[in-house]
Amino acid sequence: MIEALFAIGNVVETKGELEEFIDEIGSSDKYDYVYKITFDINDITNPIFRGIEFEEYSSDKKMKYFFKGGKGQKTDLTPTTRITEVDKTLKKFTRFFGDFISTNKDFLSREDIDFIVKLGNEIKANQEEIKNYLEEKVKSSKKSKAITLQFRQKDNTYYVGDMPVFIKPFTSSQESFLQYKDYYWKYGTQSKAKDKFCYVCGKKAKEVWGFANTYNFYTVDKRSFVTGGFNQSLAWKNYPVCPDCVVVLERAKRYVQENLNFSFCDFKYFLVPELVYSDKNILEMLLKKMKDYKNSILSEKSKTIVRAEEYILKKLSEENNVANFNFVFYEAKQSAFNILLYIQEVAPTRLKNIINAIDKVDDKDFSGIFDFEKIKNNEIDFSFRFNFIREFFPDNKFDGKFNKSFLEILNNIFIGHNIDADFLFTRFMQKIRQTFLNSNKPITLMILVLKSFKILLYLEEISILNRRRFNVDEPNELNQSYESFFKEYSIFDDSTKKALFLEGVLVQELLNIQYKYRGSTPFRKKLNGLKIDEKTAKKVFTEAINKLEEYEKNFFKKLEEAIAAYLIKSDFSKYSVDELSYYFTLGMALGKRIKEDKDNVEEKQ
């Protein structure tokens with residue numbers, strides 16, 4: 001992907017070195033105010049704190065605010081910072097002045113150092129007032145905020161970006177740019193070499209650096225990653241990058257952050273195109289399209305784009321195979337950047353397969369399953385989306401931490417690797433049993449089960465569901481009225497599955513009758529918390545029939561005969577308890593999709 005970034009960096013608009021170096025504080029939709037700690041500098045040798053002012057954040061003032069974020073736990077590189085928690089932000093901000101002097105002492109005069117020391121002392125002396133002011137203001141809005149410095153001299157007002165003392169360390173020479181220092185100085189070691197070939201551009205350069213590490217794809221903090229053992233000064237031998245290419249990579253990195261940054265099922269990811277063959281015009285056109293797609297998603301206020309997160313995948317699937325796409329899922333916490341999942345070179349044809357399979361699954365008929373009059377807002381959207389999977393593999397205190405499992409599933413979907421059905425059945429039933437025990441609303445359970453069923457159908461449609469497969473049973477006179485349903489879904493390929501499914505249908509009919517005439521469903525207690533093994537299945541089947549006979553409401557003779565016929569041919573030993581339980585529960589949820597005997601309709605009415 002480094003080659004893809006390098007190509008992007010070479011076609012996007014270039015700016016002056018200093019403007020490329022400085023960061024945006026953020027976007028105007030996320031930031032509303034900048035708070036300015038104001039100083040009187042009529043006597044430049046004695047800056048005096050005069051209070052705090054504020055203004056609406058403007059991205060047009062990027063070079064005025066002059067923000068450059070630090071990495072990890074380090075202070076920012078300039079005296080403008082984003083506010084997180086006020087107390088922590090101020091403590092970090094006050095450390096800036098000492099850090100700035102120690103880092104840039106070779107570029108600062110004695111007067112510069114004295115001026116910076118006095119600024120820091122003034123802020124420390126007035127820290128309580130600043131803290132109280134900011135805490136009050138931060139409460140008034142949910143949007144993010146930043147603090148910076150402002151200077152008054154007679155009738156003139158200056159921002160950080162107007163003050164030579166803060167600019168000169170970044171303009172003295174290319175190597176003095178702290179942005180680039182991390183590429184050759186790290187772990188207390190310098191890694192440089194003269195007159196060597198650059199890995200990125202392939203040209204011989206006057207100098208190459210050894211710690212180029214865009215998006216952490218390459219690291220030398222472990223011995224196994226360093227040519228020549230653990231001598232990190234020789235890291236340039238592993239991955240030599242010239243200064244010019246470093247600038248290009250940083251430019252690409254900023255472009256990707258601003259324009260190719262998307263969300264998917266609670267995760268953020270970068271989407272980086274990589275041409276099959278180099279063509280500047282094609283790349284420029286593709287980048288423009290992707291930027292337009294992002295803007296379309298951001299500007300969409302209605303429900304026209306029902307699945308906004310999947311919209312970009314659909315659009316890219318329509319591209320010709322001139323480019324593949326790299327997906328970089330990540331998390332960013334307090335300046336730390338961690339890659340969670342890197343999916344390489346996904347072709348448009350693969351994306352088309354992934355998207356088209358959604359339409360095929362949604363074409364299945366699930367009408368008539370739910371009583372929509374009893375559902376809030378009278379509407380449920382069961383169009384398949386990847387958030388269905390996320391619901392079973394969330395990240396919260398109640399359900400558990402399943403980020404890793406979800407990303408593994410996502411990776412397998414994108415690259416076409418199998419997903420083990422037993423793994424899914426186990427997690428499905430954990431969630432379903434939890435809902436069964438904690439909710440008295442059948443509709444809640446049914447919705448959850450239907451979503452899980454659509455997940456299975458989707459994975460089956462894209463041919464990555466790794467499950468036991470059997471020859472489809474031949475129908476007989478006892479069960480052929482139900483075989484038309486089973487033929488719609490390839491996963492019903494065995495008598496055991498069919499028996500459990502239809503038994504679930506029967507049990508739900510009994511529960512419906514109990515609720516209609518008693519206002520309660522005591523038979524739920526017989527279901528062993530939806531842990532259905534062979535013994536429980538056969539016992540529940542008998543007890544359900546007995547209870548229906550007791551109520552004189554047994555309108556399901558043909559259904560019971562079909563269940564019995566399937567049970568005779570069943571082999572429970574081939575299945576886990578979770579899979580058996582799943583097909584039973586699926587029957588409870590999808591019972592209304594089973595066509596009833598005409599003879600029974602009048603009696604039930």
Side-chain angles (χ1 to χ4, degrees), residues 262-267 269 303 305-314 327 329 341 351 353-367 369-370 372 375-377 379-396 398-414 418-436 439 441-467 488-491 578-579 581-583 585-586 588-590 593:
F262 299 90
S263 296
F264 191 88
C265 296
D266 303 327
F267 290 94
Y269 73 96
K303 293 185 178 180
I305 300 176
V306 178
R307 296 174 291 209
E309 291 185 347
E310 292 155 24
Y311 170 76
I312 182 66
L313 302 184
K314 182 174 178 61
F327 294 77
F329 289 84
L341 175 65
L351 292 176
N353 184 28
I354 290 170
I355 294 299
N356 288 349
I358 294 176
D359 295 332
K360 291 179 181 179
V361 169
D362 288 338
D363 284 342
K364 301 290 185 183
D365 181 16
F366 290 100
S367 61
I369 296 174
F370 301 112
F372 286 96
I375 300 173
K376 188 177 181 180
N377 298 328
E379 181 180 354
I380 297 179
D381 180 10
F382 283 110
S383 299
F384 176 82
R385 49 193 179 275
F386 291 100
N387 266 319
F388 285 8
I389 304 174
R390 184 61 166 158
E391 286 186 42
F392 287 93
F393 296 89
D395 182 59
N396 58 57
F398 182 73
D399 291 295
K401 304 292 185 179
F402 294 99
N403 278 350
K404 183 178 179 181
S405 295
F406 174 79
L407 290 172
E408 287 176 353
I409 292 171
L410 193 62
N411 178 69
N412 287 10
I413 289 173
F414 273 77
N418 283 347
I419 296 173
D420 187 61
D422 286 334
F423 165 70
L424 294 175
F425 289 132
T426 296
R427 179 57 199 145
F428 286 168
M429 288 313 302
Q430 287 175 348
K431 179 79 171 174
I432 289 168
R433 288 184 187 117
Q434 187 180 62
T435 304
F436 178 77
S439 175
K441 297 179 179 180
I443 188 69
T444 304
L445 182 68
M446 290 180 180
I447 290 171
L448 190 65
V449 175
L450 180 56
K451 287 179 178 179
S452 72
F453 188 43
K454 279 215 161 184
I455 293 170
L456 293 179
L457 295 179
Y458 178 74
L459 299 179
E460 184 85 347
E461 186 65 42
I462 59 176
S463 304
I464 65 169
L465 185 63
N466 182 27
R467 63 177 181 84
E488 291 184 46
Y489 309 104
S490 59
I491 62 174
D578 285 329
E579 186 169 2
S581 305
Y582 180 77
Y583 285 109
T585 310
L586 191 60
M588 293 177 65
L590 296 181
R593 281 285 288 114

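Since we're looking at a predicted model, the values are computed, not measured. We're numbering straight along the sequence, starting at 1.
- Residues Phe423 and Ile409 are in side-chain contact: their nearest non-hydrogen atoms beyond the backbone lie under 4.5 Å apart.
- For the pair Ser463 and Asn418, the tightest heavy-atom approach, listed with the atom from each and the gap, is O-OD1, 3.9 Å.
- Results of the ring-ring contact (aromatic ring centres under 6.0 Å, His included) test with Phe392 over Phe402, Phe425, Phe428 single out Phe428 as the only residue that passes.
- Considering only heavy atoms from C-beta on, Tyr582 comes within 4.5 Å of Ile432 through its side chain.
- With rounding to the nearest 0.5 Å, the separation of OH in Tyr489 from CG in Leu586 is 9.5 Å.
- Annotation for Met429 and Ser581: closest pair CE-CB, 3.7 Å, computed over non-hydrogen atoms.
- Looking at Asp362, its side chain does come within 3.5 Å of a backbone N or O of Phe384 through a donor-acceptor pair.
- Considering OG1 of Thr435 and CD1 of Ile447, their distance stands at 10.5 Å, rounded to 0.5 Å.
- Note on Asp578 versus Arg427: no salt bridge recorded, every NZ/NE/NH1/NH2 to OD/OE distance being 4.0 Å or above.
- Between Thr585 and Arg433, the closest side-chain pair of non-hydrogen atoms is not below 4.5 Å.
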Item to complete: Apply side-chain contact (heavy atoms from CB on, under 4.5 Å) to Phe453 and Ile491, showing your working.
Response: CA-CA 10 Å; Phe453 188 43; Ile491 62 174; 3.4 Å; yes
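- Expressed to the nearest 0.5 Å, how far CG of Leu410 lies from CD1 of Ile413 amounts to 6.0 Å.
- Tyr269 pairs by the ring-ring contact (aromatic ring centres under 6.0 Å, His included) definition with Phe262, Phe327, Phe329, not counting sequence neighbours.
- Contact of the Leu448 side chain with the Thr444 side chain is not registered, since no non-hydrogen atoms from C-beta on lie closer than 4.5 Å.
- Side-chain atoms of Tyr458 never come within 3.5 Å of backbone atoms of Arg385 as a donor-acceptor pair (strictly under, hydrogens ignored).
- To the nearest 0.5 angstrom, Ile419 atom CD1 is 6.5 Å from Ile462 atom CD1.
- Salt-bridge check for Glu391 with Lys431: failed, with every basic side-chain N at 4.0 Å or more from each acidic carboxylate O.
- The CG atom of Leu457 sits 9.5 Å away from the OG atom of Ser452 when rounded to the nearest 0.5 Å.
- The line from SG of Cys265 to CG of Leu407 is 9.5 Å long, rounded to the nearest 0.5 Å.
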Discussion item. Before you tell me yes or no, could you show the steps for Phe393 and Leu424 under side-chain contact (heavy atoms from CB on, under 4.5 Å), namely the whole-Å CA-CA distance, both residues' side-chain angles and the distance that decides it to 0.1 Å?
Written reply: CA-CA 10 Å; Phe393 296 89; Leu424 294 175; 4.1 Å; yes
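- Counting heavy atoms from C-beta outward, Phe386 and Ile358 have side chains that approach closer than 4.5 Å.
- Using a 4.5 Å heavy-atom threshold, the side chains of Leu313 and Phe264 count as touching.
- For residues 402-413, the side chain to side chain donor-acceptor pair (under 3.5 Å) pairs, not counting sequence neighbours, are Arg390-Asn403.
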